[in-house]
Structures are given as structure tokens and as C-alpha cells.
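A quick write-up on the structure given underneath.
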Amino acid sequence: MADDWEKGGFGLYIHWPFCEAKCPYCDFNSHVVRQIDQHAWCKAYLAELRRAAAETPGRVLRSVFFGGGTPSLMDPETVAEIIAEIRRLWPVANDLEITLEANPGSVEATRFAAYRQGGVNRISMGIQALNDTDLRRLGRLHTASEAMAAFDIARATFERVSFDLIYARQGQSLAAWEAELQQALTLAVDHLSLYQLTIEQGTAFGDRYRAGKLRDLPDEDLGADLYTLTQEICDAAGMPAYEVSNHARDGAQSRHNLIYWRYGDYIGIGPGAHGRLTLDGQRWATETYSNPKKWLDNVPLRQAEKPRNPLSPQDQASEYLLMGLRLKEGVSLSRYENLAGSPLNRAGLDDLADLGMITRSGDIITVSNQGFMILNAVISRLLDS
Amino acid sequence: MTPLSHIRNFSIVAHIDHGKSTLADRLIQSTNTVADRDMKEQMLDSMDIERERGITIKAQTVRINYTAANGEDYVLNLIDTPGHVDFAYEVSRSMRAVEGSLLVVDSTQGVEAQTLANVYHAIDADHEIVPVLNKIDLPASDCDRVAEQIEDVIGIDASGAIRVSAKTGEGIIETLESIVQNLPAPKGERDAPLKAMLVDSWYDSYLGVIVLVRIMDGVLKKGERIRMLSNNSTHHVDRIGVFRPAMTVIDELGPGEIGFLTASIKQVRDTRVGDTITHEKKGTEDALPGFKPSQPVVFCGLFPVDSAEFEELRDSIEKLALNDASFSYEMETSAALGFGFRCGFLGLLHLEVIRDRIEREYDIELITTAPSVIYHIHMKDGTMMELHNPADMPDLTLVDHLEEPRIKATILVPDDYLGDVLKLCQDRRGIQLDLTYAGSRAMVVYDLPLNEVVFDFYDRLKSVTKGYASFDYAMIGYRQDQLVKMSILVNDEPVDALSTMVHRDRAEQRGRAMVEKLKDLIPRHMFKIPIQAAIGGKVIARETLSAMRKDVTAKCYGGDATRKRKLLDKQKAGKKKMRQFGKVDIPQEAFISALKMDG
């Protein structure tokens, strides 16, 4: 019998942990340092790739994703060397997707051609907002016109371009977001990630929020209205959501992220990167040390990764549900049952179907538009015993 | 045996925080009753909960040997009484066991209502009272003003009040001397038949029930057979002793002495506070006055949050009841909450102490339902039944009328807050009985329905007076009123645990307040939930909790799977603290919080 992960595929994530400045809303593993020894980092990534490849020989790689941090701060040579090494270490799919996250600043844009040269074929730009006031509030270093210019270069350089916007910002009205989104859609090539601003603990926004200083955030109702509006506008523009916050033209979905949501296997390399790996029939959760220095020092000792945790059948089933239900395509009940060792709870399914939150069609359950807005509650109801 | 002339028995009357326990500690320490290395703070308060809250629930005694300035050796017996209004009867019995009291007043604060209530117990018991002004080490101390207030309010001479700092030890010797000089020696006949008062009792897992006694007449010896006058039960005394404060076994207790006995008694229930103990043979038939079995006045349901813990709950309640005769319980079934117990308490503090002990000592999480008082239901056929639980309200067509218990409440409050206090009392259906001034403080006396007080009256009082008011009450009997049972329906299903008795005129207001509160307390669900208050079939208030609209994680990628899964597991654990009613989850705290009134 084939391993479960093969239903989701196999990908590789590379985390670059540095940024020029930390954004106040971001809770990712990112650090600001004065100097980066690109050569040392390149060597470390290559060593880690070899360590990972030794465990997964012969697996066909579908996607590579450079995330961060700000991977567009990497030397293009480093990126090229890593990609070349990957191609040596694994067989790759014909349509291997290689994505790099980039800041839409003028300096980064000058490196786009070199990244393309090195093998990157998809770029994901953190534009976040299309007006300077909101960009400053979000702590972004670029301006809207800089972003437009960088975007034009990206479009001319890469086959596939995506960008991110953050909405449900402080004081944002439905009308203002509608105008901004319409403008974004005139730019968008084939893929768009639209995230509602989330206040995370341990961020500057989180601290300000706790101190009661983050005013005019949309309440639950406005948040729901903004989400609904977003779906309507994107549907009409031919960019429907294929995931809670991700929109694409047909066939232009992020193959890399689909591996996560379809609960495939993925290797995580670089500080603080997570992975899921099935070895000899057991799925493991992997995680590396998130402190960049510690990670770098541990790589030569082959101890960049923390001790691994095996995932129990129920853990795997829960993760499958929690990732998979984010997709419009839904999840398979039989796959869930295979993972969990027991079927998904019947009463929960019936209740949610009665409430119009999910639809069941044969083996597949999908979440309705209404259900997507309260997906956390839908998932916990399904996992209630 | 100590001659009567060299015994002094006394109690300490004080408001919480006025330093009673610290003073007692100091008296024990300065007479070397306890070696310094064995001394711990608040020697006499043994239970954790008592220590934490600074309250005493059980009467405790300590025997102090003191060599006075005149060179004579005295035995001083201190009875530390519970200070809280819930235990008024116990206090009155302890007071009858001693001849005098130290009235301890915080010289930075002044007399409080609770002090007043207890000092009246002391005066009732014909005590000689020695005023002690404590905390004179604090800059805010104002002894002259407080002494004047004691004279004004209580009407005793405070000119000779002893000025003490229990903290620094200043004035402690003067206090001991004053006890010897000013308090009367006990009276009693050594040759008369044994007559002893049962002051308090508690359960000890090694010795069985320990009975605290004050010998009035006669002599009690180890090995004798005794009889309780209230029920004529007889017991063989296997141990006699005194507290120093550790238990010390002695051979006999004579008139005027205070000590303990054990007699292989299994249950505290068999030993009633205020009862008279005598010898089985040649005993007295003359009972001490004032004995009455204690009666719970506040009832509520205790249910395990996890219904699988019912047996553990039963076990813990039975164990606690062994040591607390004033706490009653019977099994209760609630449609909403499953199996639990309807429990009776002396008051709200008593309720909280028991609930905390079950949660803490037995590790059982509880749902506490709305506290209720005992209503008298007069049926049309002329019979009367007691209603302990609104859910048991009989068919209204059979009911002639209802009566509710009333109390006399005494409140002392700085006059700045008088208006707020009067408004609160009026809002709670009070009838003003008296209003007098003592200096800049007003003393307000109100006749109030107990059910309006039982729940959050004291909290509200503290809040509207910024903590400056003090409060005490006594039961004054039953009175007829227009009372109705109000039910609460959540998602069209009645939740019996939320039923309450209310006055007809207040029903709508209370109902509205409750449904509004519940709307905030119940989390949003995937569907909208009507919350209604109803009397009989008539809905008197309604709110709708709207459906949740947005609860979704914006970003969830490969690095988030572990964290999100763990969060889900945590939420699952949190859900265990809710109870499901039909399709609605109601949080555990909602049952009590819904009743709290803000205005």
C-alpha cells in the first residue's frame, strides 16, 4: 500500500531567517542582523540538503519554496547553488515549482533576473497594501509606487507571480477595501494571497493590542463582511479562492502550499523550519532550532534538527482535517478514517451539514462559503468525540 | 487542677483584619506557651482556607500559663471564635463559655458592624470587656478618636483601653495583666454534679470526634461515662486534655476549666454545639440555656463539571459532613446537570468554604447553582412545605401563598456613602428600621428579604462604599410576599439549574438582567440562540445570542500544523469546563455569574 503522504506529494521548504526590519504584525521566525556571512549560510544549507536527501532517496520533488524572513536578501548565487544541489540530490517533477518570497523594494527588484537565472520560476511578493499610509502603519519599508515598479519587473522576469495583501486593517471600510482590491486585481497575474490582519501574541501589534492602543480594528461582523466581499469580487474577476486566503486562476494554484494542505510530506530546512516526513510507515513532525546562530553552529554537528516527534494516528488525522478543510476541494472521509483508525464522528457531520456549513458528496466533504468563515469552529466540531 | 480564682477565660472580639489572630499569636508567644521555633503565623487557624482568607471557622482554644506581676501563677484560656456572621450561633455559645472578652479594634479604622455584632454577643453573655486598640505602630493610628467611638457606639468605658501593637509586641504584657486584673474568675462547684458545655467539635482521623468543653460544675475524669442531655447518648471518655495549643493530655478538668475530651464518637453530628454534657449516673438534668441545633439557611446545588466524578463528589461531601454538623446534603437530579447534591449552609461564606474545600482537597471541579433560601409554601389544603430548590416548586393551583425569610441587617457606613447604601437596600426590597449616627458614620438598620442578600449583596455593598461599609445580620422570621418562580430557557429548552424565586414586581427587571448576562456569558455558537426568562408559560424577557460569524485562521502553512493541532487539543480541554444543554454549551461559571446584578 502506498504511504498516505503520496496523496499530497513531496516538497522542500527553505527558511531564510533574516529581515531588514521586523514588521509589527509578523510572528514568523525572522531576525534583524547587521552582517550576514552568505558563504557560511550557503554551506550550511547545502549540508542540510544532503542530510535530508539521505533519508528520502528517490522521492520525486514537486516544489521548492524559499520563505522567511526575507529570502530576497539572499545572494542570487546562494539561491542558485542551493537549487543546483537540489537537482543533484532528488529526482524532480517536470514542472518543478521553485518559489521565492520577495520584498517589493527597488533593491530587491534588481536581483530578480539573477534569481530567474538561478532557477526560481515563481515569485511571491509581500506588497501588503496599495497605499503609503497603510504601508507605513504595517511597518513596511517600501512605498506603493516602489511596489508597483518591482511588480512590473517581476512580471517581466518570472512566468508566475503572486502577491500578498493584508486587509481588515485598522479603520478600513468596506468601500476602501473594495477599491483597493479592484486595483490589485487589475495587477494580479495569476495568484493572490489575501490575509485578514491577525493580531499575534509576541509581536509589536500584539503588545499594542494588549495595551488597548490598537484602535479601530474591524470587529467580528465587519471582518465577516470584508471576507464575504472579498470572495464576491475575486469570483467575479475569475480569481476564486481555492483556499481560505488564497486565490488563483485555474491551474495557477501554489503547488507548494497544496502539498501542505493536501497533507503530503515536506522537508523543512533552515532555522525554525517544520517538516512532515514519513519514514518506514511512521509520519514524523520535524523542527529545527529557530535561533539562527544555534542552527548554524549545530549544522556541522548534524544537530540542527530538534529530536523528532512521532505523530500518532489521531494527530495525523487531525492535521489532515485541519489543513485539508482549508481547501475548496475538501477532504476524503476514507483517507481520514485510514489515518485515524476510526471514522469521523457522524453526529458532527450531520449537525454541520444541517447548518449548511459542510456539504457531503460521496467520500468527499467540502466546506461551504459560510463554513469557511468559521472554519475553526467547524473543525473542532468535527473532532469532538 | 487550678483553683477558680486563678483561672481567667476570655475570647477576642474583632473585625476581620483588625489583628485578632496576630494578637493571639503574640499572647501565646510572650508567655512561652509555644517554643519560638514552633511558632508559625496565625497559630490558631489551621485549615489552609482559613489561613488564606484570614477567617476562623472552628472555635479553637489555647491554654496559657502566665505568672503575673503579683507573682501568682494564672491559667488563661483563650477561645478564638469564628468571626463571621454565618456562624453567629457558634459565636454565642463560645461567648457563654468564657467570662470576659478583649475587644480588639484597629486604631486606624474604628469599629465595624461585625465587631458590633460580636460585642453584643459578649454583652449578652454578661462579659467584662477590655478594649484593646491595636496597630498603634501605624502612622494612621488615632487612639483617641477610636476610643471615643467605642464609647459612642458600643457604650462601654474605653478610657482605660490598652494600646497595643500586636506586630511589635508593644502593650502585650499590659494586656495579659489586664486580663488577670479586670476579668472575673469563673464560678463553679467542684462537688456539684458534672455540667459541661459542648463548645465545639470536629473530626480527627486518629482520635475520632474531638469535643471542646467548658466545665461549669463538677469534675470530668478520664475513663468516666458521660451523657449528652439533648439526645441522652452515652459515651466512654478515653482522653481528656487541653490545648497549648498542641493537644496535651491531662487527668481531669475541674470547674471553670476549658479543654477537650475524646470518647470514640464517630460523627460530629452526634455532638451538638451548645449541648450539656454530664455524667451518665448521678448527672444533672438541668440543661444549659440557649441550646438549639444549627439550621442551614442557604441552599444550592453542587454538581461535578465532569459527570463521571459524581461518586468522588459523594465521597468528599460525606467526609466533609463528618466534620461539619451544620452542613446538610441530599442527592439531587437536575435535567440540566445530571446527578449532584442539594446542600445546605449556614450562609454564603460557609458555602464558599465548603465548595473551595471540595475543589481543592478533592480536586473535583464543581458547578454551583443559584443559592436559594428556604421558602415556606402554604398549600390550599392548609399544609406547609419547605422549598429548598426552586425547581421543586409545586403546581401553583395548589398553592395558597408563599413566605420568605427576612433578616435584620445592620450596616455601618461613612456618611459619604449613605445614599448609595440606602438605594441598595431599597432596591433589594428593604424596609428601613433605623438610621443613627456615630460621629461621621451612619448606622443603618434594615429589614431585608434573605434571598436578596444571600447572593451578592455584600459584594455590592463593598463596591458602592469602596469597601468602607461593614455588615451584619440576624434572622427575624418569615413573611408573606408575592414570590414567583422564574425559569430560564436557552435555545427553547428550560435550564432548571438557572431557575430562581423572585418577587413578582422585580421579575421582569431580574429576568432582563439575567438574559442579558447570559448573552455575554455563553459563547457564540454556529447558530443563533434565543435566551428567555419566563414565569409559568409567559416569557418576560428575551435576548438572542447571534451566531458566530468569523472564526478562521488567516494563514496556515506547513510550519503551523503542529501549533494549530495543539491549540485544538487545548480548546477541547477548555470545552470540558462547559456543560451541554441540547446543542448549547454553557460555561461552568455562568450559573453563578448570571445572577450577579450590577445595579
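None of these values were measured; they are calculated from a predicted model. Residue numbers start from 1 in every chain, and the chains themselves are labelled A, B, ... in the order their sequence lines are given, proteins ahead of strands.
Options A:Gly272, A:Ala377, A:Ser318 differ in how many heavy-atom pairs under 4.5 Å they form with chain B, and the most are formed by A:Ala377. Most heavy-atom pairs under 4.5 Å with chain B: of the set A:Met373, A:Glu287, A:Gln196, this distinction falls to A:Met373. The greatest number of non-hydrogen atom pairs below 4.5 Å with chain A, out of B:Asp569, B:Leu567, B:Thr553, is found for B:Thr553. The residue among A:Phe28, A:Trp261, A:Tyr227, A:Phe65 with the most heavy atom pairs within less than 4.5 Å of chain B is A:Trp261. Your options are A:Asn29, A:Asp221, A:Ile259, and the one with the most heavy-atom pairs under 4.5 Å with chain B is A:Asp221.
For A:Trp177 and A:Tyr167, the distance between ring centers is under 6.0 angstrom. Aromatic ring centroids of A:Tyr260 and A:Tyr266 lie under 6.0 Å apart.
Proximity to chain B involves both the backbone and the side chain of A:Asp225, based on heavy atoms less than 4.5 angstrom apart. No part of A:Leu197 comes within reach of chain B, as not one of its non-hydrogen atoms sits under 4.5 angstrom from that chain. Of the atoms belonging to A:Leu321, not a single heavy atom falls under 4.5 Å from chain B.
Note that A:Lys328 lies outside the cation-pi zone of A:Tyr242, set by a 6.0 Å cut-off to the ring centre and a 45° limit from the axis.
Across A:Asp384 and A:Asn345, no two heavy atoms sit closer than the pair O-ND2, 2.7 Å.
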**OP:** List the steps, then state whether salt bridge (charged side-chain N to carboxylate O under 4.0 Å, His left out) holds for B:Lys555 with B:Asp560.
**Re:** CA-CA 8 Å; B:Lys555 285 188 181 190; B:Asp560 303 307; over 6 Å; no
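Residue-environment remark: NZ (A:Lys306) exceeds the threshold of 12 foreign heavy atoms within 6.0 Å.
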